[in-house]
J.: 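The structure is given below, and queries will be raised subsequently.
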There are 2 protein chains.
Amino acid sequence: MAILGFLRDFPLHGYDLKNRVASLAGHVRPVADGTLYPTIKKLEDAQCLTRRTAPGSVAAPRHMLEITQTGTDQLRRWLRDPEPGFITDDNKWYVLLAFLHHLENPREQALVLTRRREFLDQPAQLFFDANGTPIPPEQLDSPFRKGLMQIHRSTNLTEIEWLDRQVADLNRKAGYAVRQRSGG
Amino acid sequence: MAILGFLRDFPLHGYDLKNRVASLAGHVRPVADGTLYPTIKKLEDAQCLTRRTAPGSVAAPRHMLEITQTGTDQLRRWLRDPEPGFITDDNKWYVLLAFLHHLENPREQALVLTRRREFLDQPAQLFFDANGTPIPPEQLDSPFRKGLMQIHRSTNLTEIEWLDRQVADLNRKAGYAVRQRSGG
DNA sequence: TCAATATACATCGATCCCGAGGTTTAAAAA
DNA sequence: TTTTTAAACCTCGGGATCGATGTATATTGA
């Protein structure tokens, strides 16, 4: 998703792509060569991108990659109907968010944000005693577990507030677009 | 790490472990059977845990798992000197944090928190233009990328504050322990 | 009585991903 | 001039993980 998402902005070569993905997921981990290049090849085989060789600006020749219509469609499908992991895994979610603007319909964007919003609404029960009863944060012995739950709650609230503002914005935009189309 | 970490609290059977790991990493993804059971077997082969069959409370018999001294040592090694991914990947970091109290030396705990603190100090450059120049958040076109960077900054600050408080606490504790031992 | 459900464990093939190694090219440094 | 460094790409082996599938057992409910 990140490959097609970045290529949607402008054509890039593999090495550049690698650095951008690593920076985006920077606080996660860089992507390995052994992951990136086979994935590029797979996307090429699937006609999601085209490749043309260009002289390297400083060294070896590079393969400039360009997204195709098929690739754009694929990207939009991934964004419009993301797999569960992209909603529930913070790392994946942030990657999705970085390219959500490529889904051009504000109503569709709002739908994705709403899925995340609903997920964040679920109360987080992280730790349980020997009987399986959830332990509330203030009863935890470990200060690290306490902090973990505090941080989790606080960052969730921050994101929820942002999500609500965005969804409201997008709905206004979608409503406005409808009124425009229907001549209102 | 999560398996041994949970078993360090009290003995558990595989099914229970599965649910606890899924809840801990709840906002990430549940662990698959095909991952959990082979891992348990590997840990058993490595003498990190022992297994004894007990009648199932409601259904099929269960294998109660208990951590061994070898397992405890292994867990502590992982916690004391975590692989880079455990510092830089939020998901992994939170798992580590959930078990850091099993590293009983406050000085060692503080060292791990400091590694995370140093990592969070690095300024996050997430997006670049076609030339490779970093784009500041206020110049981003996509509201989603803007929000991404805002949320990232805000949650980082929250965690940094907490880390600083903890490290200060732990250092006081460590200092106190030294004074105790030296009869001061 | 029979099916459905939840508990509890296990295996297997496919796939994902990493990391190590290796190649080519051009610029910079020695 | 030779070596080193950095850009740029690629492959291969192996380990981690998933998802599908299968087994056994006890409870619930139709």
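Quick note on labels: first sequence line is chain A, next is B, and so on, each numbered from 1. Heavy-atom basis, side chains included; hydrogens, waters and symmetry copies ignored.
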J.: Any chance the rings of B/Phe6 and B/Phe99 have centres within less than 6.0 Å?
T.: yes

J.: I'd like to compare against my own output: the B/S/- annotation of nucleotides 5-10 of chain D with a strict under-4.0 Å heavy-atom distance to protein.
T.: --BBBB

J.: Near A/Arg153 CZ, under 6.0 Å, is it more than 12 heavy atoms from other residues, nucleotides or ligands?
T.: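 No, not enclosed.
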
J.: Give every donor-acceptor pair under 3.5 Å between a side-chain atom in residues 32-39 of chain A and any protein atom, sequence neighbours left out.
T.:
{"from": "A/Asp33", "atom 1": "OD1", "to": "A/Lys18", "atom 2": "NZ", "distance (Å)": "2.9"}
{"from": "A/Thr39", "atom 1": "OG1", "to": "A/Thr35", "atom 2": "O", "distance (Å)": "2.5"}

J.: In whole angstrom, what separates B/Arg20's CZ from C/dT7's P?
T.: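 Rounding to the nearest Å, CZ of B/Arg20 and P of C/dT7 are 14 Å apart.
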
J.: Check this for me: does any side-chain nitrogen of one of B/Asp81 and B/Arg115 sit under 4.0 Å from a carboxylate oxygen of the other?
T.: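 A salt bridge is present here (some side-chain N lies under 4.0 Å from a carboxylate O).
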
J.: Quick one: side chains of residues 42-50 of chain B, donor-acceptor pairs under 3.5 Å with protein atoms, not counting sequence neighbours, listed by atom name and distance.
T.:
{"from": "B/Glu44", "atom 1": "OE1", "to": "B/Arg51", "atom 2": "NE", "distance (Å)": "3.1"}
{"from": "B/Glu44", "atom 1": "OE1", "to": "B/Arg51", "atom 2": "NH2", "distance (Å)": "2.9"}
{"from": "B/Glu44", "atom 1": "OE2", "to": "B/Arg51", "atom 2": "NE", "distance (Å)": "3.3"}

J.: Round to the nearest Å and state the distance from B/Leu17 atom CG to C/dA10 atom C1'.
T.: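 My rounded result for the distance is 16 Å.
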
J.: Please state how far atom CG in B/Asn91 lies from atom C1' in D/dT17, giving the value in whole angstrom units.
T.: 15 Å

J.: Please determine whether a side-chain nitrogen or oxygen atom of A/Lys42 lies at a distance below 4.0 Å from atom OP1 or OP2 of C/dC16.
T.: yes

J.: When you check the gap from the basic side-chain N to the acidic O, do A/Asp169 and B/Lys146 get nearer than 4.0 Å?
T.: no

J.: Does the side chain of A/Gln150 come within less than 4.5 Å of B/Trp162's, by heavy atoms?
T.: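 With C-beta onward as the side chain, the pair touches.
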
J.: Figure out the NZ/P separation between A/Lys92 and D/dT17, and round it to whole Å.
T.: 13 Å

J.: Axis-to-axis angle across the helix from C/dT1-D/dA30 to C/dA30-D/dT1, five pairs an end, to 10 degrees?
T.: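 Inter-axis angle at the ends, rounded: 10°.
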
J.: Taking only distance into account, with no hydrogens and no angle test, what donor-acceptor pairs under 3.5 Å do side-chain atoms of residues 124-133 of chain B form with protein atoms, sequence neighbours excluded?
T.:
{"from": "B/Asp129", "atom 1": "OD1", "to": "B/Asn131", "atom 2": "N", "distance (Å)": "2.9"}
{"from": "B/Asp129", "atom 1": "OD1", "to": "B/Gly132", "atom 2": "N", "distance (Å)": "3.1"}
{"from": "B/Asp129", "atom 1": "OD1", "to": "B/Thr133", "atom 2": "N", "distance (Å)": "3.0"}

J.: Without decimals, in angstroms, what is the distance between B/Arg52 CZ and C/dA8 C1'?
T.: 16 Å

J.: Find the distance A/Asp89:CG to D/dT17:C1' and express it as a whole number of Å.
T.: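 In whole Å, D/dT17 C1' lies 14 Å from A/Asp89 CG.
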
J.: Run the side-chain hydrogen bond (donor to acceptor under 3.5 Å, both in side chains) test against A/Asp121 and tell me which residues pass, sequence neighbours left out.
T.: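 Partners of A/Asp121 by the side-chain hydrogen bond (donor to acceptor under 3.5 Å, both in side chains) criterion, ordered by chain and then number, come out as A/Arg117.
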
J.: From CG of B/Leu49 over to C1' of C/dC9, roughly how many Å is that when rounded to an integer?
T.: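 For the pair B/Leu49 CG and C/dC9 C1', the rounded distance is 15 Å.
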
